[in-house]
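Structure below; questions to follow.
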Amino acid sequence: MTKEFDLAALLAERGAERYELHARHLNHQLPRMLRTIGFDKVYERAEGAHFWDAEGNDYLDMLAGFAVMGLGRHHPVVRKALHDVLDASLADLTRFDCPPLPGLLAEKLLSYSPHLDRVFFGNSGTEAVETALKFARYATGRRRILYCTHAFHGLTTGSLSVNGEDGFRKGFAPLLPDTAVPLGDLEALARELKKGDVAALIVEPVQGKGVHEAPPGYLRAAQELLHRHKALLIADEVQTGLGRTGKFYAYQHDDGAEPDLVCVAKALSGGYVPVGATLGKDWIFQKVYSSMDRVQVHSASFGSNAQAMAAGLAVLSVMENEEIVANAAAVGERLKSRLAALVDRYELLADVRGRGLMIGIEFGRPSSLRLRSRWTMLQAARKGLFAQMVVVPLLQRHRILTQVSGDHLEVIKLIPPLIIDTDDADRFVDAFTEVMEDAHHGGGLMWDFGKTLVKQAVANR
């Protein structure tokens, strides 16, 4: 007799094999990396901005699944919406009807950016970017896309073409025609636009890698330049959108900026069902879908599925009812100001920057000879090791999950769930202060771990 599927029994029987299963069947480097930095934890459950292990220890999540968990984990309103949509037994994904949920979610999303008119739903942030690139190239009749140095827009081939990190691009050429320009450099942008072949500039209003913000007025001025040359502005809000920076969209911090295309994903999912959305102006969609013959010229098999649409609608409802954007602005300001006050206190701490609950903590070369020699040892082996040295005790000793903001960067990026409160913020600052004290005035264990990282870095060369 066929055995009935029992998920709980399967997890009870095989859950302890998690790291071995990954090593054998998935990315074999992931468990190796986690064990090297002491991140090979076993989390039993999660709720809101916290995890618990088998012993009942509480961990504070300051990473939010790389900003996916905007509402934290297992928000009851999103859970109920998903139960409801499953219980409704909808005729989903027939491909030849117009179900209500995509239209309702599009309508709601567009209400936050009234200068935009239409939405395409895909399944991820990189798909949202791919859609924007395709639409921009088709609508303008041009091939070349401009992007900013240090940008990250995804890892599928089109998105990779506008990725500012050589480490991700290496070995995957040829890519789409593209050119990098420095974030905030209007003269560099103007020089490229004069060549007459640019379809669009894609930009993160606050870059995820390193947490660098576009200068005030840059997006609006870039938009004017682009439109003068019949090119488009694409705002990648995959990480910064839905309240992350203290406004619904990060581009809204720049008065007058109205991107032609906007990409969102991550937090729109509620942490449950992958979803991506590309919002755009009507004339762009009219060009792409110019006739009934082109009705499927761009589509996604799972795009607009009922579960993703229900999750998105629930997320936006929670954001309004619980004033999530205002909380991100207020708690983010408290967190940032308390951290910024430490810069003059610790010579290894160089800068604190960001907006809302997207904060970068940058470390730099110390002035004292004792610390400078240790810093130089780490830098010689691999840039970014000191930041990793801070991340590890935050988890091991203080049970706070964070991570560096990119490869070879001495920056920790804080992107916690937008629901964290002042107690959570203070818990992080107090723990971070203890780690910095240790690094400056004692820190034998920290620096010993640094030596381990140095050996690993040298071995990987």
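We count residues from 1, following the sequence as given.
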If you measure from the Lys or Arg side-chain nitrogens to the Asp or Glu carboxylate oxygens, is any gap between K134 and E130 under 4.0 Å?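 No, no charged N to carboxylate O under 4.0 Å.
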Find out whether V392 and I37 are in side-chain contact, i.e. whether some heavy atom of one side chain is under 4.5 Å from a heavy atom of the other.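 With C-beta onward as the side chain, the pair touches.
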Is it true that R118 and D282 have a side-chain N and a carboxylate O under 4.0 angstrom from each other?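 D282 and R118: salt-bridged.
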Between L175 and the options N163, T157, V162, the side-chain contact (heavy atoms from CB on, under 4.5 Å) test singles out T157
Value rounded to 0.5 Å, distance of NE2 in H50 from CG in D61: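 Answer rounded to 0.5 Å: 9.0 Å.
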So F363 and L349, do their side chains get closer than 4.5 Å, heavy atoms only?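 In short, these two side chains touch, coming nearer than 4.5 Å.
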Measure the shortest side-chain to side-chain distance between W283 and D117 over non-hydrogen atoms and say whether it is less than 4.5 angstrom. no
Between E258 and K281 the two heavy atoms that sit nearest each other are O-NZ, 4.2 Å
Distance check, rounded to the nearest 0.5 Å: F168 atom CZ versus L160 atom CG? 9.0 Å
Short question: side chain of T36, backbone of R32 - any donor-acceptor pair under 3.5 Å? yes
Pick out which of K80, H75, R79 makes a side-chain contact (heavy atoms from CB on, under 4.5 Å) with V77.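 By the side-chain contact (heavy atoms from CB on, under 4.5 Å) criterion, V77 pairs with just one of K80, H75, R79: H75.
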Please find the pair of heavy atoms, one from G364 and one from A350, that lie closest to each other, and give the distance. N-CB, 3.8 Å
Is there a side chain to side chain contact (heavy atoms under 4.5 Å, CB included) between E362 and V352 once you walk through the steps? CA-CA 6 Å; E362 183 169 7; V352 175; over 6 Å; no
Measure the CG-CG distance between L60 and D424 for me, rounded to the nearest 0.5 Å.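 The CG atom of L60 sits 5.0 Å away from the CG atom of D424.
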Has the side chain of E322 got a donor or acceptor atom that lies under 3.5 Å from a matching backbone atom of I324?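 No: the side chain of E322 does not pair with the backbone of I324.
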Chi angles and distances behind the side chain to side chain contact (heavy atoms under 4.5 Å, CB included) call for L414, T402: CA-CA 7 Å; L414 305 182; T402 59; 3.9 Å; yes
Please check if the side chain of R244 supplies one atom and the backbone of M358 the other of a donor-acceptor pair under 3.5 Å. no
Looking at every heavy atom in both G154 and T126, which two are closest together, and how far apart are they?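 Closest pair (atom of G154, atom of T126, distance): CA-OG1, 3.6 Å.
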Show me the donor-acceptor pairs within less than 3.5 Å that the side chains of residues 267-276 make with the rest of the protein, sequence neighbours left out.
unit_1 : atom_1 : unit_2 : atom_2 : d
S269   : OG     : K266   : O      : 2.7
S269   : OG     : G271   : N      : 2.9
Y272   : OH     : H74    : ND1    : 2.9

Assess whether a salt bridge exists between D421 and R334, defined as any Lys/Arg side-chain N lying under 4.0 Å from an Asp/Glu carboxylate O. no
For the pair Y147 and V203, evaluate side chain to side chain contact (heavy atoms under 4.5 Å, CB included) and give the outcome as yes or no after the intermediate values. CA-CA 6 Å; Y147 64 96; V203 60; over 6 Å; no
Please give me the minimum heavy-atom distance between A151 and H153, naming the atom from each residue.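 Closest approach of A151 to H153: CB-NE2, 3.4 Å.
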Check for a donor-acceptor pair, side chain of D260 on one end and backbone N or O of L232 on the other, with a separation under 3.5 Å. no
Is the shortest distance from a Lys or Arg side-chain nitrogen in R382 or D407 to a carboxylate oxygen in the other one below 4.0 Å?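 Looking at D407 together with R382, the answer is yes, because their closest N to O distance falls below 4.0 Å.
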Side chains of L226 and L193: does their closest heavy-atom pair fall under 4.5 Å?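 Touching, per the 4.5 Å side-chain cut-off.
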Is atom CD of E187 surrounded by more than 12 heavy atoms (other residues, nucleotides or ligands) closer than 6.0 Å? no
Quick one: list whatever passes side chain to side chain contact (heavy atoms under 4.5 Å, CB included) with A425, sequence neighbours left out. V331, L335
Should the ring pair F285 and Y289 be called parallel, tilted or perpendicular, given that the plane angle runs from 0 to 90° and is split at 30 and 60? tilted
Roughly how far, to the nearest 0.5 Å, is the CZ atom of F432 from the CZ atom of R338? 12.0 Å
Side chains of H398 and D430: any donor to acceptor distance under 3.5 Å?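 Judged by distance alone, the side chains do not pair up.
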Any donor-acceptor N/O pair, S161 side chain to L176 backbone, under 3.5 Å: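 Indeed, once roles are kept as given, a pair shorter than 3.5 Å links the two residues.
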Is there a donor-acceptor pair under 3.5 Å between the side chain of E192 and the backbone N or O of V198? no
Should we say atom CD of E323 is surrounded by more than 12 heavy atoms from elsewhere, each under 6.0 Å from it?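 No - once you tally the heavy atoms of other residues, nucleotides and ligands closer than 6.0 Å, there are 12 at most.
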I'd like to know if the side chain of H253 reaches the main chain of P205, judged simply by a donor and an acceptor atom lying under 3.5 Å from each other, with no hydrogens or angles considered. no
Atom of H115, atom of P259 and distance for their closest heavy-atom approach: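 Smallest interatomic distance, heavy atoms only, reads NE2-O, 2.8 Å.
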Would you mind writing out the side-chain donor-acceptor pairs for residues 98-111 within the sub-3.5 Å range, not counting sequence neighbours?
unit_1 : atom_1 : unit_2 : atom_2 : d
K108   : NZ     : E320   : OE1    : 3.4
K108   : NZ     : E320   : OE2    : 3.0
S111   : OG     : K108   : O      : 2.5

Quick one about N321 and S317 (side-chain donor to acceptor, distance below 3.5 Å, no hydrogens or angles considered), yes or no? yes
Regarding Q207 and E213, is there a side-chain donor-to-acceptor distance under 3.5 Å anywhere?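 Checked: Q207/E213 side chains show no N/O donor-acceptor pair below 3.5 Å.
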Side chain to side chain donor-acceptor pair (under 3.5 Å) with E410: which of Q379, K383, R365, Q388? Q379
Any donor-acceptor N/O pair, R220 side chain to D255 backbone, under 3.5 Å: yes
Restricting to non-hydrogen atoms, name the atom on A199 and the atom on A136 that form the minimum distance, rounded to 0.1 Å.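 Nearest heavy atoms, A199 then A136: CB-O, 3.9 Å.
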Are side-chain heavy atoms of F248 and L316 found at a separation under 4.5 Å?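 F248 reaches L316 side chain to side chain.
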Keeping E204 on the side-chain end and F152 on the backbone end, is there a donor-acceptor pair under 3.5 Å?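 Checked: pair present.
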How long is the span from the CD atom in Q307 to the CG atom in L86, to the nearest 0.5 Å? 5.0 Å
Other residues, nucleotides, ligands: >12 heavy atoms within 6.0 Å of Y43 OH: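 It does: Y43 OH has more than 12 such atoms within range.
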Ring-ring centroid check F135 H298, cutoff 6.0 Å: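 So the answer is yes for these two rings.
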Report the C-alpha distance between L261 and T278 in whole Å, list the side-chain angles of each, state the deciding distance to 0.1 Å, and finish with yes or no for side chain to side chain contact (heavy atoms under 4.5 Å, CB included). CA-CA 7 Å; L261 293 157; T278 306; 4.2 Å; yes
Starting at OH of Y249, measure out to OH of Y112 and round the result to the nearest 0.5 Å. 9.0 Å
Are N327 and L418 packed together at the side-chain level, in the sense that at least one heavy-atom pair is separated by less than 4.5 angstrom? no
Short side-chain to backbone donor-acceptor contact, K287 and Y138, under 3.5 Å: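 Flag not set: sc K287 to bb Y138 has no pair under 3.5 Å.
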Flag the pair T240 / Y251 as yes when at least one side-chain heavy-atom distance between them is below 4.5 Å, and no otherwise. no
Looking at L189, L225, I145, which one forms a side-chain contact (heavy atoms from CB on, under 4.5 Å) with L201? L189
Partner of D197 by side chain to side chain donor-acceptor pair (under 3.5 Å), out of H229, R142, R144: R144
Does any non-hydrogen side-chain atom of H212 lie less than 4.5 Å from one of R353?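 R353 reaches H212 side chain to side chain.
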